[in-house]
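Report on the following structure.
Because only heavy atoms are used, hydrogens play no part in the values below, and waters and symmetry mates are left out as well, while side chains stay in. Nothing fancy with the numbering, it's 1 onward along the sequence.
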Amino acid sequence: MPSTRFLAPLLASALTLACAVPPDLSQGDDLSRQDLERRQASVALGAKLLCSGVFVAGREPDEFIERDLQAPEYTFHDWSETRVDVDREARRVTVEAPGTDARRAVYTGDQGCVLLPLLADDVFFPPETIERQGAGSGGWPEPASPPLAAEQQERLDEVLAGALEEREGQPVQDTRALVVLRGDRLVAEAYAPGFDGSSRQIAWSMGKSVMAALVGTLVQADRLDVDAPAPVPAWQGDARSEITVTDLLQMSGGLDFNQFGTDDPEYYTGEHHHELVYFGAVDVHDYVLDRPLAHEPGTHWAYRNTNPLALGAILQRLLEAEGASPLAYPQRALFDKIGARDFVLETDPYGHFLITGFVYGTAYDWARFGLLHLQDGVWQGERVLPEGWSRFVSTPAPAHPQQGYGAQFWLNAGGRYASWPKDAYWAAGWLSQMVLVVPSRDVVFVRLGHSAEGGFAEYIEPLVADVLEILAESTTG
């Protein structure tokens, strides 16, 4: 009889089958195959996000559904007709909508919430308790030094407070946290009601930048060479053996991986490879490493989850070969070093980090992450990332046509934001999460929120420009 590990992918593959033949069309809807799959995916993702919202972020189910799970990009069912069960004792969430199978997510503790495959009762790995060391994120311990002049502090506080207010006739931004560092000192912060600097919030693709930093820790320890071919056994013997670690960091690995826009009928179906990792409950390492090559490595830039997930598989293989715990490694090698205690990196059902999207952190801990890069990988005298690593991740990828992407960070080198310095670079997540590093101004800027209506570029550019202008005055005045 096959082991659970090898049987589980068959269970996960039942997603598409279940979508094609729904158990109940009580509304009498005449839905296409794509619409059925999108509805099923929407329910699956809803179960996962609601579980994390309750058990990881500590929010109330009704509030979370109303405020966070209505984004049209990932809601293809009617929440008013959806059955939701939040079992706090079992730490499970079940969601079922008309025409779909019930989908369940389970809270595992330090690995957060995990979406289960259809027919599965639990995850296929032993969750680990992660001891968290360091200073903690209950607050920023040191005041600004030298302090801003009273007038400048007042202006800066007013700018941040104004950024929390919605503007009539403009898309709703729903900013929830703003933190500004000058050097290693917190100079301003502002929060929406119900949030503060220690509130865990989902970061989405800012996790990709965390993966780059984890790679950096391996490079610093002489355990990985970014210029060498990626050490993936499955790629040896074919053209994929030419993919380097740098190619993967720069989103230029060249693996075949579909990504569709929200208006495409295949969005959130089994054909949407880039998003399937979030709602398919698949083994993401096997799924990604098995993809064929579509482009010569290093020649074609494409924002695809294959690249950071492949890096995650490399990290796991190296650590397991050394007898180390991949689940504990991010806390030990990175977060503990910078005093960040509240990051939660969630996994697929097999214990592989879904670091491309399912990462939770606080505004304070993201500020620490940005500060680590502002200081070129040094924290309180200890080198955490290799010398020059910040320059490496903020150097334009050769295959990016607008000099707008480095190594798992977005860049302003091509002038995307005309009013910002060209050396600005940032971790970015869906719904407009941002950790911005501006070396020439010695500034880190953090924004967390839920910008589901668009218009973020028009919102964030003048906000950051105002912050930088005020801080520049404080150093020259």
Side chain proximity check, Val84 to Ile65, heavy atoms < 4.5 angstrom
yes

Give every residue pair that meets the salt bridge (charged side-chain N to carboxylate O under 4.0 Å, His left out) criterion with at least one member in residues 231-248, sequence neighbours excluded.
Asp238-Arg240

Walk me through it: do Glu96 and Arg103 pass the test salt bridge (Lys or Arg N to Asp or Glu O under 4.0 Å)?
CA-CA 6 Å; Glu96 183 177 9; Arg103 298 307 304 269; over 6 Å; no

Between Glu128 and Ser325, is there a side-chain donor-acceptor contact under 3.5 Å, judged purely by atom types and distance?
yes

Run the ring-ring contact (aromatic ring centres under 6.0 Å, His included) test against Tyr278 and tell me which residues pass, sequence neighbours left out.
Phe358

I would like to know whether Phe257 and Asn305 meet side-chain contact (heavy atoms from CB on, under 4.5 Å); could you show each step before the answer?
CA-CA 8 Å; Phe257 216 59; Asn305 281 331; 4.2 Å; yes

Determine the interplanar angle of the Tyr303 and Tyr405 rings, folded into 0 to 90°, and report it as parallel if under 30°, tilted if 30 to 60°, perpendicular if over 60°.
perpendicular

With sequence neighbours excluded, residues passing salt bridge (charged side-chain N to carboxylate O under 4.0 Å, His left out) with Glu266
Arg33

Could you work out, with salt bridge (charged side-chain N to carboxylate O under 4.0 Å, His left out) as the rule, every residue matching Arg104, not counting sequence neighbours?
Asp121

His373 ring center within less than 6.0 Å of Phe409 ring center:
yes

Can you tell if the side chain of Leu116 reaches within under 4.5 Å of the side chain of Arg92, non-hydrogen atoms only?
yes

Counting only pairs under 3.5 Å, give me each side-chain donor-acceptor contact of residues 328-335, with atom names and distances, residues two or more places apart or in other chains.
| residue | atom | partner | partner atom | Å |
| --- | --- | --- | --- | --- |
| Tyr329 | OH | Thr217 | OG1 | 2.7 |
| Gln331 | OE1 | Arg132 | NH1 | 3.4 |
| Gln331 | NE2 | Asp336 | OD1 | 2.8 |
| Gln331 | NE2 | Ala340 | O | 2.9 |
| Arg332 | NE | Asp336 | OD2 | 3.0 |
| Arg332 | NH1 | Glu131 | O | 3.1 |
| Arg332 | NH2 | Glu131 | O | 2.2 |
| Arg332 | NH2 | Asp336 | OD2 | 2.5 |

Counting C-beta onward and ignoring hydrogens, is there a side-chain heavy-atom pair between Val226 and Leu249 closer than 4.5 Å?
yes

Applying side chain to side chain contact (heavy atoms under 4.5 Å, CB included), name anything that partners Ala399, two or more places apart in sequence or on another chain.
Ser252, Trp301

Is there a side-chain contact between Ser52 and Glu346 in this structure, where contact means two heavy atoms from C-beta onward sitting under 4.5 Å apart?
yes

Arg304 side chain to Gln259 side chain, donor-acceptor N/O pair below 3.5 angstrom:
yes

Partner set under side chain to side chain contact (heavy atoms under 4.5 Å, CB included) for Asp442, not counting sequence neighbours:
Leu374

Side-chain heavy atoms of Trp389 within contact of Val215, under 4.5 Å
yes

Taking the side chain as everything from C-beta on, heavy atoms only, tell me whether Tyr287 gets closer than 4.5 Å to Leu276.
yes

Contacts of Asp227 meeting salt bridge (charged side-chain N to carboxylate O under 4.0 Å, His left out) (sequence neighbours excluded), chain-then-number -> none

Asp348: side chain to side chain contact (heavy atoms under 4.5 Å, CB included) partners, not counting sequence neighbours
Asp283, Val284, Tyr350, His352, Leu354

Could you tell me whether the side chains of Tyr459 and Thr175 share a donor-acceptor contact shorter than 3.5 Å?
yes

Just to verify, what does Tyr107 make a ring-ring contact (aromatic ring centres under 6.0 Å, His included) with, not counting sequence neighbours?
Phe55

Any Phe279 side-chain heavy atom under 4.5 Å of Tyr268 side chain:
yes

Residue pair Lys208, Asn307: steps toward the side chain to side chain donor-acceptor pair (under 3.5 Å) verdict
CA-CA 9 Å; Lys208 295 177 171 69; Asn307 300 284; over 6 Å; no

Any salt bridge (charged side-chain N to carboxylate O under 4.0 Å, His left out) pairs touching residues 309-328, not counting sequence neighbours?
Arg223-Glu322

Partners of Arg59 by salt bridge (charged side-chain N to carboxylate O under 4.0 Å, His left out), sequence neighbours excluded?
Glu63, Asp68

Can you tell me if Gln173 and Ser451 form a side-chain donor-acceptor pair at under 3.5 Å?
yes

Do Gln201 and Thr362 have a side chain donor and acceptor closer than 3.5 Å?
no

